[in-house]
Amino acid sequence: QVQVVESGGGLVQVGGSLRLSCAFSGDTLRVYDVKWHRQAPGKERELVAHIPRAGNTNYSDSVKGRFTMSRDGSRSTVYLQMNSLKPEDTAKYYCRVDTCCPWNAYWGPGTQVTVSS
């Protein structure tokens with residue numbers, strides 16, 4: 001089992017910045033990769049950024065160049081630095097931790113980001 005908790009959301013003006021955190025605990029030795037997703041009202045959940053176990057971090061086209069995902073030295077916290085925020089970034093942001101093996105996916109409860117114009 002892995003417990004996942006996001007934090008750092010809030011209300012920000014267009015062009016502003018926020019840093020989200022995702023802390024996970026439990027059976028962290030099995031963590032394979034970590035993803036940030038978001039879901040706006042009336043829309044499907046979408047993948048925003050992804051740190052694989054090996055390889056480069058990947059970003060969706062909608063956030064590339066504005067968002068940066070990183071992982072701390074303990075490897076049990078990941079961050080999503082969000083700059084140049086736009087109203088279309090308004091959504092609930094979720095952290096997903098995938099473990100292996102067997103494969104399991106663990107989601108946090110999410111943190112709300114609202115960008116006001």
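Sequential numbering from 1 along the given sequence is applied to the chain's residues.
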Check the hydrophobic clustering (I, L, V, M, F, W, Y; side-chain heavy atoms under 4.5 Å; chains of links allowed) and say if [X] and [Y] are grouped together.
{"X": "V113", "Y": "L11", "result": "no"}
{"X": "Y93", "Y": "V5", "result": "no"}
{"X": "W36", "Y": "Y32", "result": "no"}
{"X": "L85", "Y": "L20", "result": "yes"}

Ignoring hydrogens and geometry, is there a side-chain-to-backbone donor-acceptor pair from [X] to [Y] under 3.5 Å?
{"X": "R66", "Y": "S84", "result": "yes"}
{"X": "Y106", "Y": "F24", "result": "no"}
{"X": "T90", "Y": "V115", "result": "yes"}
{"X": "T111", "Y": "G9", "result": "yes"}
{"X": "E6", "Y": "G110", "result": "yes"}

Shortest non-hydrogen contact between [X] and [Y], atoms and distance:
{"X": "N56", "Y": "P52", "answer": "O-CD, 3.3 Å"}
{"X": "Y59", "Y": "A49", "answer": "CD2-CB, 3.7 Å"}
{"X": "K43", "Y": "Q39", "answer": "O-NE2, 3.1 Å"}
{"X": "P87", "Y": "S117", "answer": "CG-CB, 4.3 Å"}

*For W107, is the NZ or CZ atom of R45 found under 6.0 angstrom from the centre of its six-membered ring and inside 45 degrees of the ring axis?*
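Ring-cation test returns yes.
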With rounding to the nearest 0.5 Å, note down the distance linking [atom1] in [X] to [atom2] in [Y].
{"X": "I51", "Y": "R71", "atom1": "CD1", "atom2": "CZ", "value": "6.5 Å"}
{"X": "L18", "Y": "F67", "atom1": "CG", "atom2": "CZ", "value": "9.0 Å"}
{"X": "R96", "Y": "H50", "atom1": "CZ", "atom2": "NE2", "value": "9.0 Å"}
{"X": "Q13", "Y": "S116", "atom1": "CD", "atom2": "OG", "value": "5.0 Å"}
{"X": "C95", "Y": "K35", "atom1": "SG", "atom2": "NZ", "value": "10.5 Å"}
{"X": "L29", "Y": "C100", "atom1": "CG", "atom2": "SG", "value": "13.0 Å"}

Do [X] and [Y] have side chains that approach each other closer than 4.5 Å (heavy atoms only, starting at C-beta)?
{"X": "R30", "Y": "V2", "result": "no"}
{"X": "R38", "Y": "E46", "result": "yes"}
{"X": "M69", "Y": "V34", "result": "yes"}
{"X": "H37", "Y": "L47", "result": "yes"}
{"X": "S17", "Y": "M82", "result": "no"}

*Does CD in E88 sit with more than 12 non-hydrogen atoms of other residues, nucleotides or ligands closer than 6.0 Å?*
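Check passes, neighbour count above 12.
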*With distance as the sole criterion, is a donor-acceptor pair present between the side chains of Y79 and R19 under 3.5 Å?*
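Per modelled atom types, Y79 and R19 side chains form no pair under 3.5 Å.
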*Do NZ/NE/NH1/NH2 and the carboxylate oxygens of D61 and K64 come within less than 4.0 Å?*
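Looking at K64 together with D61, the answer is yes, because their closest N to O distance falls below 4.0 Å.
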